[in-house]
Amino acid sequence: MELTRRGLLIGAAVGGGLFVAWGLGGRHFAPPLTPREGEFAFDAWLKIARDGVVSVAQPQLEMGQGISTLLPQIVAMELGADWRQIAVEPAPVSGAYPNMPLAARWAPLWMPLAPSLADQPGDWLTRRFAETERFTATAEGLSLAAYEGPARAAAASARAMLAMAAADRWNVAWEECEASGGFIRHGKKALSFAALAEDAAGQTPPDPPPLRPEPAAERPVDPAMDAPLAFPRLDLPAKVDGTYQFAGDVRLPDMVYAAIRHGPLPQPELGEADTKDAAGTPGLISVVQGKRWVAAVATNWWAAEQALAKIHPLFANTQPVESGRIEEALDKGVRHGETHRIAEVGDGDAGLDKPTLALRYDVAPATHATLETASATARLRDGKLELWVASQAPERARRAVAGALDMSESDVVLYPMPAGGSFDRRLEHDHAVEAALIARETGRPVQLIWSRWQEMVAGRPRTPVAAVLAAKTDNQGNIATFRARLALPASAREFGYRLFGEETPWDAVAKADGTADPMVVEGAMPPYGIANMAVDHVPVTLPLSTGRMRGNAHGYTAFFVESFIDELARRNKREALSYRVSMLGKDLRLAACLQKVARLAEWDGGNDQSGQGLACHRIDEGCIAVIATASRGEGGVRVERLRAVADIGRIVNLDIARQQIEGGLIFGIGCALGAALTYEGGLPDNARLAGLNLPVLGDCPAIEVDFLESDADPFDPGELGVAVVAPAIANALYSATGLRFRRLPLLSDGL
Amino acid sequence: MPRMTVNGRPVQFAMAPETPLLWALRDAANLTGTKYGCGAGDCGACMVLVDGQALRSCLISIAEAEGRFITTIEGLSRDRSHPVQQALVAEQAIQCGFCTPGIVMSAAALLQRNAAPGEEDIKAAIPNLCRCGVYPRLMKAIQRAGRVIRREETISSAPAPGISASDAAHAVPAMAPPRSDADN
């Protein structure tokens, strides 16, 4: 246990005691929270100050999803605090916040040889990995699953300690005390947390701490009722006046600004960079050459970018990425590639030597287009490298930086910054490594910001896919056998080799070559009760390095399945809603979403060119059904309305859940109609956001989101909307136009 | 050395005159509320007011801004009290917040010239890109801000920054007024 500087004795003692009490296998960590003067730390999650401020440390990346409100809300409710006394700060990277569910989910990525040893959150190996590797990553919508329990337990401990301190003063039993509104109460007596904090910090809490009987929950109500927000987001006031700082907003004494150029994909090597032409650029300080990039450093970012434009670096690259070659490889894979059966119900090939219907679907590489481009600020001083960066996997970023600079990891300090959107883009940390290297070469603090063009070039897109879906039906369209065959790289494994194996992108591609990857076909198994079903993965090796993106596999598998089901219904003259519901006898939650959305949207069957289209999807325990109204307008698709009903179990914060569904639907519109990249000579053809056909306010449909009431465990709503939009729009377009669109983005097959 | 007025203060930038206003604001004036998203006018994250008009600061040079009155998000109000700021917080029409300053400036300029905009006016005036997808709430928020400007409604959703401890204690029972040194 480490004790540093003043004022830490209390925090350390309390922290140390509690860490063991939490049952973290008896492991000891340095207390992650440093109480300031007048503050008292209660374990790894909260501090209470003499002025009444309760600071909640939260270990997840805030990237817009509201986690920096949700976790404090859970603490506040369990503690009995007044929401107005709650503050939030990013927790430092520490083994005190292991993300066990994500470690279990990603066991195939960090332990590819024997993932079954650690694929349950309670497995000993999972715990050991997550704690010793300080695995606090933010992904897969598992934040609540990972942290609701620890946050509640920490708050319950603190509440018990506050009650003990009050009970001592009143000479009553602490168990008889209540906590509400920031006070401990007994009969008519009340003492504020502020007054009790110091005494409370010295108490020993019961183990395990007594939790309140009910977890945090808000009942779904009609948004039109305009109910006041019980827990308004904590981050919005600072976001609305420009004071909320992102990694590119950090300002340090003597800091300089860097811009960068990466070479053409996949594996560029910097040859010559003629820096002479840049020499006269006003403000230019230096040019830094990496093995695969060149950066300019200047007194302002624009000057650095101008200097780069004059350098014309030459990169050596064999076999640059070409869209034509990507499509050929996928086409060859889906037709002739070696098949790995990932999942099967019954006999997934029964009768499919002569399928009733077999259809081909194609998906282009898709880019995240986060509004904030990759940004990092780095300072190397006295043998310590400080790094300000937004990262979904901060410890991996820290380790990568330490490795690149040949430093001890303990000499790399990472300050967690929020992200200006991520959508899984900030699971990559190339920019953090580059910023650190440039800071070392420059000898001054450096802020690196990628230009939009560089974000297009070197941000890793979601993988392209080619798929064939086949079914055997009777003459009423009842499905006897369903099979989905997806040809695409083992993209999740590739990501795992990069993130956990610290492999270069091309080595990761090579290592993943030819391996089956269940994660890249998730969601391809329909929720429907069909006797025979199979999902096949055909691993395809592409020159393109691919990454994760919001929705991940569901972002294309829902499109395949729900488009295909819709075609089966139509071709057999079955009504699209009742056709689906008839197959959902064992999935009542999804059926209920469908029925409710049909009622609310006044579902008309999509007949008579009404332009209504239906789709539903399930991700684990999350269900959603959507009805889109769309038409072909001037210059493309016009989505007029989206009506969604979701069942996400217990809802902690209704308005944030609604934000996530709304935002997911709109992100899904972007993926359905644009966000695609094509490559020529190793570079994207498009350098600009304007070329991505992303929706703006003027394109945004009317969106209404409702929830079903449920007491099931909370399910993260962030990815559900993304998945279900594309098929709903495609099915709506069929209704409107009689044409089927089997390619993402829709209409990209030239209409 | 172009000179202009930024948030009410006279400023002279010792930078190349063709430097986009965006980078002068961010890297010289440290007004980092104005964001870089594309540098090509596609996203609107860098929107500022130039003589009251919403313009993308990545597309105007400081030479072109010479003599103008520039207002950035930092200068729109001292205390988040602008109706657009209050309404965006009230409607929670913000997620990651990166596009937010630009949207605030676009909406503020619109309401300055038309306090009762219709839906089409709002769509035309807000070209900003938001990848988190706050659009469904924006329309409502901007109309609500219009009602505040027309004095039909008041909002107090975003508290002013820098509330004193004694004011906080006055408003929130759980907060304690600052103790004098003698108490410590």
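Letters go in sequence order (proteins before strands), and every chain restarts at 1.
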Under 4.5 Å from a heavy atom of chain B, the part of [X] involved:
X      : answer
A:A690 : both
A:L236 : both
A:D82  : side chain
A:Y257 : side chain
A:R251 : side chain

Got a second to check how far [X]'s [atom1] is from [Y]'s [atom2], nearest 0.5 Å?
X      : Y      : atom1 : atom2 : answer
A:E455 : B:C38  : CD    : SG    : 12.5 Å
B:C130 : A:L694 : SG    : CG    : 11.0 Å
B:E18  : A:W302 : CD    : CH2   : 4.5 Å

Of all the heavy-atom pairs spanning [X] and [Y], show the shortest one and how long it is.
X      : Y      : answer
A:G182 : B:A174 : CA-CB, 3.8 Å
A:I703 : B:P136 : CD1-CG, 4.0 Å
A:L689 : B:C43  : CD1-CB, 3.8 Å
B:Q85  : A:V240 : NE2-O, 3.0 Å

Could you tell me whether the side chain of [Y] reaches within less than 4.5 Å of the side chain of [X], counting heavy atoms only?
X      : Y      : answer
A:Q659 : B:R137 : yes
B:N128 : A:V696 : no
A:D249 : B:K35  : yes
B:L129 : A:L371 : yes

Any sub-3.5 Å donor-acceptor pair from [X]'s side-chain atoms to [Y]'s backbone N or O?
X      : Y      : result
A:K239 : B:Q95  : yes
A:Q245 : B:G33  : no
B:R80  : A:P237 : yes
B:R26  : A:G248 : yes
B:Y135 : A:D699 : no
B:Q92  : A:I656 : no
A:N300 : B:W23  : no
B:R131 : A:H368 : yes

With a 4.5 angstrom heavy-atom cut-off, could you sort out which part of [X] is near chain A: side chain, backbone, both or neither?
X      : result
B:L22  : neither
B:A165 : neither
B:V89  : both
B:L138 : side chain

Fill in: For chain A, the option from B:T19, B:T34, B:I122, B:T72 that forms the most heavy-atom pairs under 4.5 Å
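The option with the most such pairs is B:T19.
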Discussion item. Out of B:A24, B:P101, B:P20, B:P159, return the one with the most heavy atom pairs under 4.5 angstrom to chain A.
Written reply: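 Result: the option with the highest number of such pairs is B:P20.
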Item to complete: Over 60° means perpendicular and under 30° means parallel, so classify the ring planes of B:Y36 and A:W301, tilted if in between.
Response: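 It falls in the tilted class, 30° to 60°.
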